> 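Provided herewith is a single structure, encoded as structure tokens, for subsequent inquiry.
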Amino acid sequence: MHNTSWDVIIIGGGSAGLSAALQLGRSRRRVLVLDSGAPRNRFAAHMHGVLGRDGWSPLDLLAAGRDEVARYGVVVEVADVTSASFGDDGFQIVVDGTHHIGRRLLVATGVRDELPDVPGLAEQWGTGAAVCPYCDGWEVRDQRIAVLASGEMSVHQAQLLRQLSTDITYFVNGSDLSDEARAGLVARGVDVEPRRVDRVLADEDGRLSGIRLVDGAEVPIDAIFLHPRPVPNDGVLRSLGATTTELAGVDWVAVDENGRTSVAGLFAAGNVVSPRTSVPMASGSGNAVGAMINADLVEEDVRLAAAASGASLA
Ligand SMILES: Cc1cc2nc3c(=O)[nH]c(=O)nc-3n(C[C@H](O)[C@H](O)[C@H](O)COP(=O)(O)OP(=O)(O)OC[C@H]3O[C@@H](n4cnc5c(N)ncnc54)[C@H](O)[C@@H]3O)c2cc1C
């Protein structure tokens, strides 16, 4: 098998992984990015709240990012990495018969969104149905907006959207709603719909048109917001022994403020270790962690150089 050595292997070439790659490539590190090509926001034609790139296609942004990192010698390959190991030389990943060895491993594989089991909802994901008011709220301002209760942040989401439209309906759909939360919604003119949801409706072109309730009543709507359950793509991190911490009912691999996991040399950035839902936050995380990995390598380079020259660092 062919062996290739890298300073850093990055699994995941979304905003977090490519931002880290940019920092590392510009630091003249040998960097390999392995990416399966399915960023979280691939369902959306446009992204918003991204300064300088507001309204761009998310896939165009990443294509531009791949071009940018290539200028600094970063190699990006298409691969779905299912396992990695740690040996004497560093982290090891086999892809298509090549044995890649990295001094450091960064995992930036994002999350997948587990939608509530409501018929017709998945077909609208990224078009009529969205998660983030900051990403997709402005586009439906003053329209008929549904909030489908689907997590502890749903009431907050409805209150955020009330900022953008007076026509908000909160579909309780069998979830718990405290008296205080209900009072807050009603006080701001949000309709609270107690009946359960049967299915999401679309017109003949497939565009979202409404929500049908279990008693057959139909509520016309223009947009649905919900909180899917984030499922971190963290199989590689866990297989290497990274410890986790619970936040809002989800076990996240634990990282410090520099992206270090509990495993020496193993880093993580972006949505795979954080519920924060935005491209700039993922980029910022990758940018910071990329710089930290370079600093970590510099420290090791100093130790190695001192050992080679017989200098004492004590
Ligand atoms: C429908 C929708 C719309 C959104 N709209 C916006 C918006 O308008 N503005 C905004 O700021 N944010 C938006 N977001 C949030 C944004 O998508 C995420 O916050 C951001 O993509 C996180 O970046 P990331 O790099 O951490 O993960 P991702 O962008 O998900 O990238 C992870 C990468 O890792 C790869 N990968 C995963 N597993 C493996 C593996 N095993 N091997 C190799 N590669 C792997 C994936 O293919 C992917 O390319 C939206 C989210 C959704 C769901």
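As the structure lists them, so they are numbered: ligands from 1, and atoms in each ligand from 1. Predicted, not measured: the structure shown is a model, and the values here were computed from it. In this chain, numbering begins with 1 at the start of the sequence shown. Values below: every heavy atom of this structure, side chains too, minus hydrogens, waters and symmetry copies.
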> Run through Asn271, Thr109, Asn233 and flag the one making a side-chain hydrogen bond (donor to acceptor under 3.5 Å, both in side chains) with Arg40.
Asn271
> Quick check on contacts: which atoms of ligand 1 are under 4.0 angstrom from a heavy atom of Ser15?
25 (O)
> Under 4.0 Å from a heavy atom of Pro280: which atoms of ligand 1 are those, numbered in the order shown and with their elements?
11 (O)
> Is a donor on one side and an acceptor on the other found under 3.5 Å between the side chain of Gln124 and the backbone of Thr127?
no
> Does only the side chain of Ala79 get under 4.0 Å from ligand 1, or the backbone, or both, or neither? Count heavy atoms.
backbone
> Any salt bridge linking Glu300 with Arg104? Criterion: basic side-chain nitrogen under 4.0 Å from a carboxylate oxygen.
yes
> Could you check atom 29 (O) of ligand 1 against the protein and tell me its nearest heavy-atom contact, residue, atom and distance included?
Pro39 CB, 3.6 Å
> Ion pair present between Asp301 and Arg103, side-chain N to carboxylate O less than 4.0 angstrom?
yes
> Decide, yes or no, whether a salt bridge links Arg30 with Asp7 under the criterion of side-chain N to carboxylate O below 4.0 Å.
no
> Of Asp256, Thr244, Thr243, Thr245, which is the lone residue that meets side-chain hydrogen bond (donor to acceptor under 3.5 Å, both in side chains) with Ser262?
Thr243
> Should Gly49 be listed as contacting ligand 1, given a heavy-atom distance under 4.0 Å as the test?
no
> Give the contacting part of Pro228 toward ligand 1: side chain, backbone, both or neither, where contact means a heavy-atom distance below 4.0 Å.
neither
> Going by heavy-atom distance to atom 41 (N) of ligand 1, choose the closest among Val111, Val33, Ile11, Val81.
Val81
> Flag Asp35 as yes when one of its N or O atoms lies below 3.5 Å from any N or O atom of ligand 1, and as no otherwise.
yes
> Have a look at ligand 1 and work out which part of Asp113, if any, has a heavy atom under 4.0 Å from it: side chain, backbone, both or neither.
side chain
> Could you find the nearest protein heavy atom to atom 47 (O) of ligand 1 and give me its residue, atom name and distance?
Ala38 N, 2.6 Å
> Please check if the side chain of Asp234 supplies one atom and the backbone of Leu237 the other of a donor-acceptor pair under 3.5 Å.
no
> Okay, side chain of Ser274, backbone of Gly270: is any donor-acceptor separation there less than 3.5 Å?
no
> Using a strict cut-off of less than 4.0 Å between a Lys/Arg side-chain nitrogen and an Asp/Glu carboxylate oxygen, indicate whether Arg53 and Asp60 qualify as a salt bridge.
no
> Backbone or side chain, does any N or O of Ala44 fall under 3.5 Å from an N or O of ligand 1?
no
> With a heavy-atom distance limit of 4.0 Å, tell me whether Ser278 approaches ligand 1 through its side chain, its backbone, both, or neither.
both
> Taking only heavy atoms of His48 into account, list the atoms of ligand 1 that are under 4.0 Å away from them.
7 (C), 8 (O), 9 (N), 10 (C), 11 (O)
> Which protein heavy atom lies closest to atom 26 (O) of ligand 1, and at what distance to 0.1 Å?
Asn271 N, 2.8 Å
> Around atom 31 (O) of ligand 1, find the nearest protein heavy atom and jot down its residue, atom name and distance.
Gly14 CA, 3.4 Å
> Flag yes if Leu201 and Val219 sit in one hydrophobic cluster, no otherwise; membership is Ile, Leu, Val, Met, Phe, Trp, Tyr, and two members link when side-chain heavy atoms are under 4.5 Å apart.
no
> If you compare all heavy atoms of Phe267 against all heavy atoms of Asp296, which two are closest, and at what distance to 0.1 Å?
CZ-OD2, 3.9 Å
> Using a distance-only test with no angle check, is there a side-chain donor-acceptor pair under 3.5 angstrom linking Gln92 and His100?
no
> With heavy atoms of Arg40 as the reference, note each atom of ligand 1 found under 4.0 Å away.
17 (O), 28 (P), 29 (O), 30 (O), 53 (C)
> Of all the non-hydrogen atoms in the protein, which one sits nearest to atom 4 (C) of ligand 1, and at what distance?
Asn41 CB, 3.7 Å
> Can you confirm, on distance only, whether ligand 1 has an N/O atom lying under 3.5 Å from any N/O atom belonging to Ser36?
yes
> One residue to check: Thr277. Relative to ligand 1, which of side chain, backbone, both or neither has a non-hydrogen atom less than 4.0 Å away?
both
> Should you measure from each heavy atom of Gly270, which atoms of ligand 1 turn up under 4.0 Å away?
26 (O)
> May I ask you to identify the nearest protein heavy atom to atom 1 (C) of ligand 1, giving residue, atom name and distance to one decimal place in Å?
Gly126 CA, 3.9 Å
> If you count the atoms of ligand 1 from 1 in the order shown, which ones are under 4.0 Å from a heavy atom of Leu34?
43 (C), 44 (N)
> What atoms in ligand 1 come closer than 4.0 Å to a heavy atom of Ala16?
25 (O), 26 (O)
> So which heavy atom in the protein is nearest atom 34 (O) of ligand 1, and how far is it from that ligand atom?
Gly12 CA, 3.3 Å
> With a 4.0 Å cut-off on heavy atoms, does Trp125 reach ligand 1?
yes
> Using only heavy-atom distances, determine whether the side chains of Asn294 and Arg29 contain a donor-acceptor pair under 3.5 Å.
yes
> Nearest heavy atom to atom 38 (N) of ligand 1: which of Val107, Leu61, Val95, Thr109 does it belong to?
Thr109
> Quick one: are Leu121 and Pro116 in side-chain contact, heavy atoms under 4.5 Å?
yes
> Check whether Asn41 reaches the backbone of Ala44 with its side chain - one donor and one acceptor, N or O, closer than 3.5 Å.
no
> I'd like to know if Asp215 and Arg195 make a salt bridge, using a cut-off of under 4.0 Å between side-chain N and carboxylate O.
yes
> Please state which protein non-hydrogen atom is closest to atom 11 (O) of ligand 1 and give its distance, to 0.1 Å?
Val279 N, 2.7 Å
> With the threshold set at under 4.0 angstrom, would you say Gly37 reaches ligand 1 through any of its heavy atoms?
yes
> Distance under 4.0 Å to a non-hydrogen atom of Asp80: what atoms of ligand 1 satisfy this?
40 (C), 41 (N), 42 (N)
> What's the separation between atom CZ in Arg196 and atom OG in Ser175, rounded to the nearest 0.5 Å?
8.5 Å
